[in-house]
Amino acid sequence: LYLENIGTPTQLPELAYRHGAEAAINICLLRGALLGNPLADDLVKRAATAAAQVFPVKARDITTGEVGPDLGAKLKHLEAEWIASQFTKTRAALLA
């Protein structure tokens, strides 16, 4: 998990949401050590906040007729949009 994410552009919030706060912090520590970049003062707080997020849309919320792989693609797209909004887009906004 760590090695495959060190060189990716995936940012702390998404790492923490997908893999948990501890893993995200460790990945950021490794990146910082390898690249010589300082770590953000609020790294632990941001990781904990992101790790606690719950995607607000469920498959049953999609009423536009997608099924199977198309439904999965729609959910993945909405999740990416939600993450890009720093977890601020509401269910209603995502489904609009």
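All values derive from a computational prediction rather than experimental measurement. Just the heavy atoms: all of them, side chains too, but no hydrogens, waters or symmetry mates, feed the values below.
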Give every donor-acceptor pair under 3.5 Å between a side-chain atom in residues 39-50 and any protein atom, sequence neighbours left out.
{"from": "T49", "atom 1": "OG1", "to": "K45", "atom 2": "O", "distance (Å)": "3.0"}

* To do: May I have all residue pairs that pass salt bridge (charged side-chain N to carboxylate O under 4.0 Å, His left out) and include part of residues 86-96, sequence neighbours excluded?
  => D61-R91, E81-K89
Would you tabulate the side-chain donor-acceptor contacts of residues 70-80 under 3.5 Å, counting partners in other chains and residues two or more places apart, or write 'none'?
{"from": "E79", "atom 1": "OE1", "to": "R18", "atom 2": "NH1", "distance (Å)": "3.4"}
{"from": "E79", "atom 1": "OE1", "to": "R18", "atom 2": "NH2", "distance (Å)": "3.4"}
{"from": "E79", "atom 1": "OE2", "to": "Y17", "atom 2": "OH", "distance (Å)": "2.6"}

* Structure fact -> Applying side-chain hydrogen bond (donor to acceptor under 3.5 Å, both in side chains) to E66 and not counting sequence neighbours gives T64
* Asked: With sequence neighbours left out, which residue pairs that include part of residues 49-60 fulfil the salt bridge (charged side-chain N to carboxylate O under 4.0 Å, His left out) condition?
  -> none
* Structure fact -> The reported gap from OG1 in T63 to CG in L95 (rounded to nearest 0.5 angstrom) is 7.5 Å
* Asked: Out of curiosity, does I62 fall in the hydrophobic cluster containing V67 (side-chain heavy atoms, cut-off under 4.5 Å, transitive links)?
  -> no
* **F87 with L15, same ILVMFWY side-chain cluster at under 4.5 Å** => no
* **Distance, nearest 0.5 Å, that separates CD1 of I83 from OG1 of T88** => 12.0 Å
* Mind checking ring pair (Phe, Tyr, Trp, His ring centres under 6.0 Å) for F55 and listing every partner two or more places apart, or none if nothing turns up? => W82
Residues 22-33 side chain polar contacts: donor-acceptor under 3.5 Å, at least two apart:
{"from": "N26", "atom 1": "ND2", "to": "Y2", "atom 2": "OH", "distance (Å)": "3.2"}
{"from": "N26", "atom 1": "ND2", "to": "E22", "atom 2": "O", "distance (Å)": "3.3"}
{"from": "R31", "atom 1": "NE", "to": "N5", "atom 2": "O", "distance (Å)": "3.4"}
{"from": "R31", "atom 1": "NE", "to": "I6", "atom 2": "O", "distance (Å)": "3.1"}
{"from": "R31", "atom 1": "NH1", "to": "T10", "atom 2": "O", "distance (Å)": "2.8"}
{"from": "R31", "atom 1": "NH2", "to": "N5", "atom 2": "O", "distance (Å)": "2.7"}
{"from": "R31", "atom 1": "NH2", "to": "T8", "atom 2": "O", "distance (Å)": "2.9"}
{"from": "R31", "atom 1": "NH2", "to": "T8", "atom 2": "OG1", "distance (Å)": "3.1"}
{"from": "R31", "atom 1": "NH2", "to": "T10", "atom 2": "O", "distance (Å)": "3.0"}

